[in-house]
Amino acid sequence: MRRLATSLVVLVVAVLAAPAARAHAVSTSFLTLGVPRDDAPVTVRWDIALQDLVWTVFIDTDVDGVATWGEIQAAEPAITRAVLGQIALERGGAACTLRVHDYALARRLEQNFLSIALDASCVRTGVLHLGGPLFMSGDASQRVLLSARRGDDAFQGVITPDSAGWTEPAEVSAWRSFVRFVGEGVWHVWVGYDHIAFVLLLLLPAVLRPVDGRWQGATRLPQVARDIVTIITAFTIAHSITLALAVTGAVRLPGKPIEVAIAASIAAAALLNLLPRYARWRLALAFGFGFVHGFGFANALAEIDAAGVQLLPLLAGFNIGVEIAQLSIVAVVLPLIYAARGTRWYAAGAMPLGSCALGAAGLVWLVQRLASPG
């Protein structure tokens with residue numbers, strides 16, 4: 001029992017130890033490539049978040065926490081040197097010559113980005129390969145979302161700190177896109193600590209039953225399994241709907257209210273766990289707030305340059321990856337809490353205390369997100 005208690009505490013502490021910034025807005029830059037079929041230059045547009053760029057290039061000269069357009073213009077030589085040192089492009093095994101020719105401000109994911117336009121002079125034939133550090137310091141939360149066009153062909157990819165860059169495919173492959181974004185869906189849940197907190201709060205009372213206003217351990221595994229399947233399925237259906245609506249552009253909502261609502265969902269789920277008489281509302285809570293979490297997931301795909309049929313494998317792969325990650329959480333947590341369900345320390349101690357801890361974290365995130373700008 002002590003080992004089970006320790007394992008549950010570790011899971012809760014791991015979630016609470018996460019930083020309090022927006023969980024679904026990780027460090028991401030965006031690369032767009034135009035790949036010509038003739039000897040015209042390869043075009044590159046690289047959008048980098050200013051909050052990431054200032055860690056590498058000294059831009060904010062008055063140290064007021066805001067990089068103004070005037071400061072960016074003054075730092076252009078340093079920015080150009082930094083950018084050209086971070087990106088490498090070659091074609092047919094021969095290095096391309098890159099030249100920065102324009103800067104502009106852009107707005108993505110409700111953040112300020114610097115959009116950098118480059119031309120690349122390359123040999124006329126051969127496979128294109130893009131690599132380099134790309135301002136990724138090895139932090140697993142960093143990503144480069146890449147979109148490339150070659151005539152009528154459109155390619156999407158994700159470059160991570162441990163990948164070898166991006167190589168131009170011979171042809172468009174829906175299967176390759178699907179598999180790549182399954183991994184992205186898994187990764188997005190594992191770094192989305194607020195989503196993990198919400199799933200844990202749905203799981204904690206699943207092995208208990210309300211009896212005379214108090215929690216008691218469930219007596220049968222099929223009963224527990226049915227409860228978990230029902231709750232997780234309702235949550236999955238809801239966030240799948242809003243994920244699809246948001247990614248396809250059918251519904252667009254600002255990010256801050258969504259992040260605030262996600263934090264509120266954690267506090268609400270924690271409160272419900274402390275009220276056994278209202279346990280029947282868990283299904284409605286999972287389904288209702290599932291819609292909110294779906295919009296949070298959509299940030300990972302919102303800026304992908306794909307539409308129609310091209311978007312389907314990305315969306316399907318990402319959504320399946322999300323479900324795989326959720327099931328992995330269930331697979332880790334369920335055996336622990338099911339073994340502990342009949343003990344007094346779980347129903348009267350670990351479950352309510354764990355719910356309070358996660359709920360408190362949700363309230364802290366709620367206040368921080370309400371107070372954050374934009």
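No hydrogens, no waters, no symmetry mates; every other heavy atom, side chains included, goes into these values.
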**Request:** Mind telling me whether F297 and F318 have parallel, tilted or perpendicular rings, with 30° and 60° as the class edges?
**Result:**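 Geometry flag for F297 against F318: perpendicular rings.
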
**Asked** Is there any side chain to side chain donor-acceptor pair (under 3.5 Å) pair reaching into residues 260-281, and which pairs are they, with sequence neighbours excluded?
**Response**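 Found S265-H293, N273-S355.
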
**Request:** Please list all pairs passing the side chain to side chain donor-acceptor pair (under 3.5 Å) test where one or both residues lie in residues 237-251, with sequence neighbours left out.
**Result:**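 Counting only pairs at least two positions apart or across chains, the side chain to side chain donor-acceptor pair (under 3.5 Å) contacts touching residues 237-251 are H239-E323, H239-Q326, S240-N319.
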
If I compare all heavy atoms of [X] with all of [Y], which pair ends up nearest, and what's the gap?
{"X": "L204", "Y": "M351", "answer": "O-CG, 3.6 Å"}
{"X": "F289", "Y": "A261", "answer": "CE2-O, 4.0 Å"}
{"X": "Q111", "Y": "A49", "answer": "OE1-CB, 4.1 Å"}
{"X": "D60", "Y": "G65", "answer": "OD2-N, 2.7 Å"}

Just list the side-chain donor-acceptor pairs under 3.5 Å for residues 70-81, sequence neighbours left out, or say none.
from: E71; atom 1: OE1; to: T68; atom 2: N; distance (Å): 2.9
from: E71; atom 1: OE1; to: T68; atom 2: OG1; distance (Å): 3.4
from: E71; atom 1: OE2; to: T61; atom 2: N; distance (Å): 3.3
from: E71; atom 1: OE2; to: T61; atom 2: OG1; distance (Å): 3.3
from: E71; atom 1: OE2; to: D62; atom 2: N; distance (Å): 3.4
from: T80; atom 1: OG1; to: E76; atom 2: O; distance (Å): 3.0
from: T80; atom 1: OG1; to: Y103; atom 2: OH; distance (Å): 2.5

**Message:** With clusters defined by side-chain heavy atoms of hydrophobic residues (ILVMFWY) lying less than 4.5 Å apart, directly or transitively, does L203 cluster with L353?
**Reply:**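 L353 does not cluster with L203.
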
**Item:** ILVMFWY cluster, V322 and I237 together (side-chain gap under 4.5 Å)
**Value:**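 Yes, V322 connects to I237 through the hydrophobic network.
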
**Pairing residues for R209 by the side chain to side chain donor-acceptor pair (under 3.5 Å) criterion, not counting sequence neighbours** =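 Residues passing side chain to side chain donor-acceptor pair (under 3.5 Å) with R209: none at all.
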
**Message:** Going by ring-ring contact (aromatic ring centres under 6.0 Å, His included), name the residues that satisfy it together with Y338, two or more places apart in sequence or in a different chain.
**Reply:**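 Listed in chain order: nothing, the list is empty.
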
**Request:** If a pair satisfies disulfide (SG to SG under 2.5 Å) and one of its residues is in residues 79-129, list it, with sequence neighbours excluded.
**Result:**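 Every pair satisfying disulfide (SG to SG under 2.5 Å) with a residue in residues 79-129: C96-C122.
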
